[in-house]
Structure formats: C-alpha cells, structure tokens
Amino acid sequence: MALQESPYIPSLNMEDLRLTGFKVHELSATADVPVKTGRRDFYKMGLVKGDMTIDYGGRLLEIKGTVLFFVNPKVTHSIVRYVNRTSGYACIFTEHFINNRALQDSPIFSVGDNPVVLLNEEQVLFMTGIYKKMVSIYTGEYPYKADLIRNCIELIIHEALRIQPSQNALPIRNASTRIFHLFVDQLERQFPIEHRSEPLKLRTAQDFAADLSVHVNYLNRTVKQVTGKPTSVYIASRIIAEAKALLQHTDWSVADIGYALGFEYPAYFNNYFKRITGTTPNSFRKV
C-alpha cells in the first residue's frame with residue numbers, strides 16, 4: 001500500500017526553518033499524490049481531524065476524530081490509509097528553536113509513548129484557540145513572537161500530558177528507577193545516526209553499565225524490573241528500529257549501516273538483523 005506524507009507536514013521552505021526554527025499553519029487539503037515520508041530534523045505537533053491509519057515507528061495507529069499528534073524526529077512515520085480528508089493545524093519546530101531539554105525530553109515526545117491524544121469537544125475548542133493564536137503570532141510583526149510561540153508549545157504539551165498521562169513517565173522514587181532513566185537517556189542520545197563514520201559506542205548491557213558506573217547485574221535487574229524486558233532485548237529493539245529507518249530512508253549500503261550501528265563486519269549485522277526480524281536487511285529494504 002502506498003505511503004503518504006503526514007497530513008500536518010506542509011511543503012516546507014527549509015530556509016525559513018533554518019532562519020526562524022518554527023512554522024505554524026492551518027492544514028491545506030490532503031494531497032492525493034503518494035509520497036514516501038523521509039526522516040527530518042524537527043519536531044512536529046499537529047491538531048488533526050480525520051480518520052486515518054499511521055505507521056509510527058513500526059506501530060499502526062488508528063486516528064479517528066480530532067486528536068493531538070506529536071512526532072519525535074527519532075521515529076519514522078508515514079500514512080498507510082486515509083478514510084477521509086483531514087483538517088486542523090500544524091506546528092513544526094527545530095530542537096534549536098525549542099531550546100528546552102525539559103520539553104525535548106517530555107514523555108509526550110518519547111519513542112515508546114503513544115503520540116496520539118484524543119480530544120473531547122471542550123478540549124478541541126481550547127486547542128483550536130491556541131493554534132489560531134500561534135498562526136496569528138507567526139504571521140504578525142511582533143518582534144518577540146518566537147518567545148510567544150514557545151509558550152504556546154509548552155502549554156499544548158502540558159495540556160496533552162494532563163489529558164493523557166504518559167505511559168512511560170515513571171516517578172523517580174529510588175536509585176533503581178533513576179538508573180533506568182539514565183540508561184534510557186544514554187541509549188537515546190546515540191540516535192538518530194547521521195554519519196556513517198561515527199558508529200555506536202554503547203551497544204551492550206556491559207557498555208552501558210560501565211558508562212553509568214554500576215555493575216551490569218544491577219543494571220539488568222533494574223531494566224527488567226521497570227520494563228519487564230532483559231536489557232539486551234531493550235537495546236536490540238532500539239538498534240533494530242534505527243536499522244530499519246536507515247534502510248528505508250537512506251541510500252547507505254547495508255555494510256555502511258551495519259558499521260554505523262557498531263557491527264565490525266556486514267555478516268554480523270546481517271545475522272543480527274535476521275535473527276531479530278526474521279528477514280535480511282536487503283529483503284527488508286526491497287519491501
């Protein structure tokens with residue numbers, strides 16, 4: 001089935017994004033031309049009305065009604081199917097523009113969380129008002145409009161978290177949970193991979209334990225306690241997600257992708273990928 005570009009991503013003037021760091025607009029009619037969505041270097045936050053199915057990092061998400069939809073640049077996404085046309089608003093901003101780790105690391109933008117927040121009628125009216133205000137600010141001449149836009153973005157994120165608390169937002173009540181958060185932070189900081197010449201440095205539980213200055217058994221117990229998964233499985237799922245993104249959205253050779261992911265030889269990467277996914281990198285790329 002043809003993949004189409006996300007409904008709230010416009011035809012972007014990349015020069016504008018580099019200069020201002022953000023763009024806000026009302027959605028135009030959904031394009032009919034199928035376009036395969038690529039990976040980009042900005043966050044996306046949309047107020048979208050319509051019925052569709054979205055592939056978000058390998059998960060199929062059904063969107064019905066009016067929702068807030070948040071996109072992390074680490075996660076590839078594309079539309080699989082439209083039921084009807086969409087409407088709403090979009091806000092797009094770079095990491096440099098937001099310049100706030102608390103917002104960048106917000107659970108609403110985390111890799112594992114559900115990026116879709118379903119809204120009731122009252123919440124739709126409230127969010128629509130904020131997006132209309134952002135459009136007005138963006139098209140106006142106020143010299144400090146970037147600061148106002150940041151405030152609006154922050155308000156939307158916090159309202160979304162209030163409506164739908166994060167599934168992965170765990171209170172840091174003890175040392176074990178703190179270590180888990182540090183582990184996840186170290187893992188995610190390695191992605192997305194942008195250069196073939198800079199391979200992953202941390203790939204195993206031993207690597208992360210050494211980096212965090214804890215015993216590997218302690219790290220393994222902590223990750224298992226919090227996630228229910230072994231550390232190796234948690235790391236592997238993230239590496240495979242990145243491998244799939246690189247196979248789909250770059251023209252790098254399989255050997256280059258394997259090297260970038262920390263595999264010394266292409267055969268090691270091929271075997272690793274096939275063991276976890278059931279198919280080879282080349283076969284996956286051809287799908």
Side-chain angles (χ1 to χ4, degrees), residues 39 43 45 54-62 67-77 95 98 100-118 154 156-193 199-246 261-263 272-273 275-278:
R39 299 174 66 187
Y43 294 83
M45 192 167 67
I54 292 179
D55 183 336
Y56 187 79
R59 290 182 294 161
L60 290 181
L61 304 176
E62 298 290 338
V67 303
L68 285 172
F69 187 29
F70 298 85
V71 171
N72 186 315
K74 301 183 182 76
V75 182
T76 56
H77 64 285
E95 184 172 348
I98 199 68
N100 183 330
R101 281 309 300 250
L103 292 184
Q104 294 166 16
D105 295 340
S106 168
I108 207 73
F109 281 111
S110 74
V111 173
D113 259 300
N114 183 356
V116 177
V117 179
L118 181 64
E154 183 169 359
I156 290 171
I157 290 174
H158 285 297
E159 281 295 312
L161 285 171
R162 187 175 66 85
I163 295 167
Q164 178 176 286
S166 169
Q167 299 168 351
N168 294 327
L170 301 172
I172 302 178
R173 296 174 179 169
N174 52 48
S176 294
T177 308
R178 177 177 175 274
I179 287 296
F180 172 73
H181 280 274
L182 290 174
F183 159 70
V184 172
D185 184 63
Q186 291 297 83
L187 177 62
E188 290 300 335
R189 282 176 185 271
Q190 300 186 104
F191 304 104
I193 293 175
L200 290 186
K201 295 181 179 179
L202 305 176
R203 285 186 55 241
T204 68
Q206 288 81 1
D207 293 336
F208 284 97
D211 193 66
L212 295 170
S213 300
V214 298
H215 195 281
V216 66
N217 291 342
Y218 177 66
L219 177 62
N220 287 334
R221 285 197 304 271
T222 297
V223 174
K224 183 68 180 245
Q225 175 185 351
V226 174
T227 69
K229 302 176 183 178
T231 309
S232 59
V233 172
Y234 194 96
I235 296 170
S237 65
R238 187 64 186 90
I239 291 176
I240 288 298
E242 188 70 8
K244 288 179 177 179
L246 293 171
L261 291 171
F263 294 89
Y272 182 88
F273 191 92
R275 176 168 57 83
I276 295 175
T277 68

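What you see is a predicted model; the values in this text were computed from it and never measured. Residue numbers start at 1 and run along the sequence shown.
By the 30° and 60° cut-offs, the orientation of the rings of Y234 relative to F180 is perpendicular.
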What donor-acceptor contacts under 3.5 angstrom involve side-chain atoms of residues 208-217, with partners at least two apart or in another chain?
unit_1 : atom_1 : unit_2 : atom_2 : d
D211   : OD2    : Q186   : NE2    : 2.4
H215   : ND1    : N217   : N      : 3.0

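Here the straight-line distance linking atom CG of L202 with atom CG of L187 works out to 8.5 Å at 0.5 Å rounding. To the nearest 0.5 Å, atoms CZ (F273) and CZ (F263) are separated by 10.5 Å.
Checked against side-chain hydrogen bond (donor to acceptor under 3.5 Å, both in side chains), R162 has the following partners two or more places apart in sequence or in another chain: E159. With sequence neighbours excluded, no residue satisfies side-chain hydrogen bond (donor to acceptor under 3.5 Å, both in side chains) with Q190.
L118 has its side chain within reach of V67: a pair of non-hydrogen atoms, C-beta onward, lies under 4.5 Å apart. Residues I179 and L219 form a side-chain contact, since some pair of their non-hydrogen atoms from C-beta on lies under 4.5 Å apart. A 4.5 Å side-chain heavy-atom check between K244 and T277 finds at least one atom pair inside the cut-off.
Remark: the backbone N or O of F191 is not paired with any side-chain donor or acceptor of E242 at under 3.5 angstrom. Between the side chain of E188 and the backbone N or O of R238, no donor-acceptor pair lies under 3.5 Å.
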Please test T222 against F183 for side-chain contact (heavy atoms from CB on, under 4.5 Å), starting from the C-alpha separation and ending with a verdict.
CA-CA 10 Å; T222 297; F183 159 70; over 6 Å; no
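Summarising the geometry of A205 relative to N220, their closest heavy-atom pair is CB-OD1, 3.6 Å, with the distance given to 0.1 Å. Closest approach of M45 and I157 over heavy atoms only: SD-CG1, 4.0 Å. The two residues L261 and L200 make their nearest non-hydrogen contact at O-CD1, 3.7 Å.
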